[in-house]
Undergrad: 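Questions regarding the structure given below will be posed in turn.
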Amino acid sequence: MTFMPQSQNTVDPVKLEKLAEVAVKVGLRLQKGQDLVITAPVVALPLVRLITKHAYLAGAGLVSAFYSDEETTLSRYQYGSDESFDRASDWLYEGMAKAYANGAARLAVAGDNPLLLSEQDAGKVGRANRANSTAYKPALEKIANFDINWNIVSYPNPSWARVVFSDDPEPIAIAKLAKAIFAASRVDLDDPIAAWAEHNANLSKRSAWLNGERFASLHFKGPGTDLTVGLADGHEWHGGASTAKNGITCNPNIPTEEVFTTPHALRVEGHVSSTKPLSHQGTLIDNIQVRFEGGRIVEAKASRGEEVLNKVLDTDEGARRLGEVALVPHSSPISASGILFYNTLFDENASCHIALGQCYSKCFLDGANLSLEQIKAQGGNSSLIHIDWMIGSDKVDIDGVTPDGSRVPVMRQGEWA
């Protein structure tokens, strides 16, 4: 019997193929002879097959795909032994890290059900997340340090579509989510590759302005938010396409609307409230409120998922500090769509955001040549996790603060000033 994913007949096959081509040619810029490691939900098989096709057309060496399945994941929580939640498949992640060290590219297809684990024991979820983060670190370091070209795209998983468009029958929900993914990824245009070149140029201009200003910190002010984010010494802003240490220029996130850099792990002060829910490892965390002192979160609350949030913050010392700050105008296409995706890849591109945990070494001047000790000395954070959550809206103003204390308007009511 041939496996036929439920969403196959409600997803435009022409646009799906364009998405696969964009993932390979824009997202990864896969090189001739380069291996590729793909991770994806099993329902995304139609997209993975097309990505594999276009990867080999681009001259890929070997394409290896690894699949996850929601029912299989739930079975662990329903029937797995208690001690299993303190373990993870370290052998798999070690193999991935070895592949990346040997030059392989990485592509992740996102689209998991954001509520998959919402009814499961929060303690087990937290333990499993910690074990997984620990095991994944060898591979994550290759990605976060931008050793390789990598990319994330999304597929309209039926269970995800039912969450986003809960009032619609499943086929309509899938079709709506697919349409939104294609629009945000620019594959509904006649020439998506040219459109991405133009978009990357615009993001590069924003990054260049911020790099020219050399702000010491950013000050966020809005409802429930009065936050000063110090920026790392020698920080560098990036947006859109970036060049990895292997010399390949890629677009890690499709879609992307952000420009981002590294905060100073010890220089964050004040309080901040989330403006969109955070979907993390199958748990929804909503109405996050945290307070920073000396760069560290000393108090954290949430109206939903608070127990999981606090377990995430206890992952390691760096989990309570910031590894990224990103600016996104409220009028971005994803924000303008009015859709809450319950998926960080999309929701972070509708709103300014910060990330707990690991910093990106590329967000430093000459970052490719800095040691881990130098990055730490300049304020870069280290952690097993990297979790983005949204703090921007049309009610948030942002000032850039120069080393002499002068203030420069950066955003007003969520828009570039």
Side-chain angles (χ1 to χ4, degrees), residues 18-30 36-40 44 47 51 105-112 114 139-140 142-156 160 180-187 192-193 195-204 206-207 237-244 248-262 276 278-280 323-329 332-335 337 339 341-363 385-390 392:
K18 281 187 175 183
L19 180 59
E21 186 176 8
V22 163
V24 171
K25 293 183 178 179
V26 176
L28 294 173
R29 301 211 186 166
L30 198 69
L36 174 61
V37 176
I38 303 174
T39 58
L47 177 58
I51 289 170
R106 177 253 195 178
L107 189 142
V109 179
D112 291 326
L140 176 63
K142 300 293 183 185
I143 298 163
N145 292 332
F146 223 58
D147 289 2
I148 59 169
N149 47 320
W150 58 274
N151 175 243
I152 306 175
V153 293
S154 290
Y155 184 82
W160 177 25
I181 289 171
F182 295 149
S185 305
R186 290 175 163 76
V187 299
I193 293 175
W196 272 101
E198 181 181 358
H199 184 51
N200 281 328
N202 290 333
L203 291 173
S204 180
R206 291 291 183 192
S207 299
W237 288 88
H238 288 269
S242 295
T243 302
I248 300 170
T249 300
C250 62
N251 268 83
N253 289 355
I254 290 179
T256 184
E257 302 290 336
E258 64 178 330
V259 291
F260 59 97
T261 195
T262 296
K276 292 179 182 290
L278 165 64
S279 175
H280 176 65
E324 179 189 348
V325 59
L327 304 181
V328 180
S332 79
I334 297 173
S335 177
S337 75
I339 299 171
F341 285 89
Y342 300 94
N343 177 296
T344 301
L345 178 62
F346 287 81
D347 291 334
E348 73 171 3
N349 285 299
S351 169
C352 295
H353 53 275
I354 51 180
L356 304 171
Q358 181 66 42
C359 74
Y360 291 122
S361 62
K362 72 172 181 175
C363 290
I385 67 168
H386 180 94
I387 301 173
D388 300 90
W389 52 287
M390 287 55 76

Undergrad: For residues Pro255 and Ile334, determine if any side-chain heavy atom of one lies less than 4.5 Å from a side-chain heavy atom of the other.
TA: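 A side-chain contact under 4.5 Å exists here.
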Undergrad: Got a second to check how far Trp389's CH2 is from Lys276's NZ, nearest 0.5 Å?
TA: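 Reported to 0.5 Å precision, the distance equals 14.5 Å.
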Undergrad: Counting N and O atoms only, with roles assigned by atom type, does the side chain of Arg29 sit under 3.5 Å from a partner on the main chain of Ile248, one being a donor and the other an acceptor?
TA: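 Pair absent, no side-chain N/O of Arg29 close to backbone of Ile248.
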Undergrad: If you compare all heavy atoms of Ser332 against all heavy atoms of Ala350, which two are closest, and at what distance to 0.1 Å?
TA: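 Looking at all heavy atoms of both residues, the shortest contact is OG-CA, 3.6 Å.
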Undergrad: Does any N or O in the side chain of Asn251 come within less than 3.5 Å of the main-chain N or O of Asn151, such that one atom is a donor and the other an acceptor?
TA: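 No; zero donor-acceptor contacts below 3.5 Å.
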Undergrad: Locate the shortest heavy-atom distance separating Ile181 from Pro156; write the atom from each residue and the value.
TA: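 That closest heavy-atom pairing would be CD1-N, 3.7 Å.
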Undergrad: Could you report the tightest heavy-atom contact between Asn343 and Gly111, atom names first, then the distance?
TA: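 Looking at all heavy atoms of both residues, the closest pair is ND2-N, 4.2 Å.
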Undergrad: Quick check against the 3.5 Å criterion: does His280 have a side-chain atom that pairs as donor or acceptor with the backbone of Ile387?
TA: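 Checked: no pair found.
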Undergrad: Shortest non-hydrogen contact from Ala44 to Ala40?
TA: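 What the structure gives for the nearest pair is CB-CB, 4.4 Å.
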Undergrad: Do Asn202 and Glu198 come close enough that some side-chain heavy atom pair is under 4.5 Å?
TA: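 Touching, per the 4.5 Å side-chain cut-off.
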Undergrad: Just how far is it from atom CD of Gln358 to atom CD1 of Ile385, taken to the nearest 0.5 Å?
TA: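 Spacing of CD (Gln358) from CD1 (Ile385) equals 10.0 Å.
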Undergrad: In the structure I gave you, are the side-chain heavy atoms of Leu327 and Arg206 within less than 4.5 Å of one another anywhere?
TA: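 Heavy-atom side-chain distance check fails, nothing below 4.5 Å.
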Undergrad: Got a donor-acceptor contact below 3.5 angstrom from the Trp160 side chain to the Phe341 backbone?
TA: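 Pair found, side chain donor or acceptor close to backbone of Phe341.
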Undergrad: Under 3.5 Å, side chain of Asn145 to main-chain N/O of Asp147, donor-acceptor pair present?
TA: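 Side chain of Asn145 to backbone of Asp147: no pair is present.
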Undergrad: Taking all non-hydrogen atoms of both residues into account, name the closest pair between Ser207 and Val259 and its distance.
TA: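 Here Ser207 and Val259 meet closest at OG-CG1, 3.4 Å.
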Undergrad: Between Ile152 and Arg106, does a side-chain contact (heavy atoms from CB on, under 4.5 Å) hold up when you go through it step by step?
TA: CA-CA 9 Å; Ile152 306 175; Arg106 177 253 195 178; 4.1 Å; yes
Undergrad: Ring-plane angle category for Tyr360 and Phe260, please: parallel below 30°, perpendicular beyond 60°, tilted otherwise.
TA: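 Geometry flag for Phe260 against Tyr360: perpendicular rings.
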Undergrad: Could you tell me whether a side-chain N or O of Asp388 sits under 3.5 Å from a main-chain N or O of His353, the two making a donor and an acceptor?
TA: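 Checked: no pair found.
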Undergrad: Leu107 versus Trp150: any side-chain heavy-atom pair under 4.5 Å?
TA: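 The answer is no, as the side chains (C-beta and beyond) never meet within the 4.5 Å cut-off.
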Undergrad: Look only at the side chain of Thr243 and the backbone of Thr249, and say whether a donor-acceptor pair between them is shorter than 3.5 Å.
TA: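 Between the backbone of Thr249 and the side chain of Thr243 there is no qualifying donor-acceptor contact (under 3.5 Å).
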Undergrad: Testing the basics here: between Phe182 and Leu19, what is the closest heavy-atom pair and its distance to 0.1 Å?
TA: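 Result for this residue pair: CE2-CD2, 4.2 Å.
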Undergrad: Any chance you could measure Thr256, atom OG1, to Glu348, atom CD, to the nearest 0.5 Å?
TA: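 Between Thr256 OG1 and Glu348 CD, I get 7.0 Å after rounding to 0.5 Å.
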Undergrad: Within the distance-only criterion (no hydrogens, no angle test), does the side chain of His386 pair as donor or acceptor with the backbone N or O of Glu324 below 3.5 angstrom?
TA: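 No; zero donor-acceptor contacts below 3.5 Å.
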Undergrad: Going by heavy atoms in the side chains, are Trp237 and Thr262 under 4.5 Å from each other?
TA: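 Answer no - side chains too far apart.
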Undergrad: Return yes if some donor-acceptor pair links the side-chain N/O of Trp196 with the main-chain N/O of Ser185 below 3.5 Å, else return no.
TA: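 Yes.
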Undergrad: Determine whether Val153 and Val109 satisfy the following criterion, side-chain contact (heavy atoms from CB on, under 4.5 Å), listing intermediate values before the conclusion.
TA: CA-CA 5 Å; Val153 293; Val109 179; 4.3 Å; yes
Undergrad: Between Arg186 and Glu257, is there a salt bridge with N-O shorter than 4.0 Å?
TA: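 Salt bridge between Glu257 and Arg186, a charged N being under 4.0 Å from a carboxylate O: yes.
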Undergrad: Determine whether a donor-acceptor pair (N or O, by modelled atom type, separation under 3.5 Å) exists between the side chain of Asn149 and the backbone of Leu28.
TA: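 Yes, because the side chain of Asn149 sits within donor-acceptor range (under 3.5 Å) of the backbone of Leu28.
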Undergrad: Does any part of the side chain of Ile339, heavy atoms only, come nearer than 4.5 Å to the side chain of Phe346, both counted from C-beta?
TA: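 Sidechains of Ile339 and Phe346: no contact.
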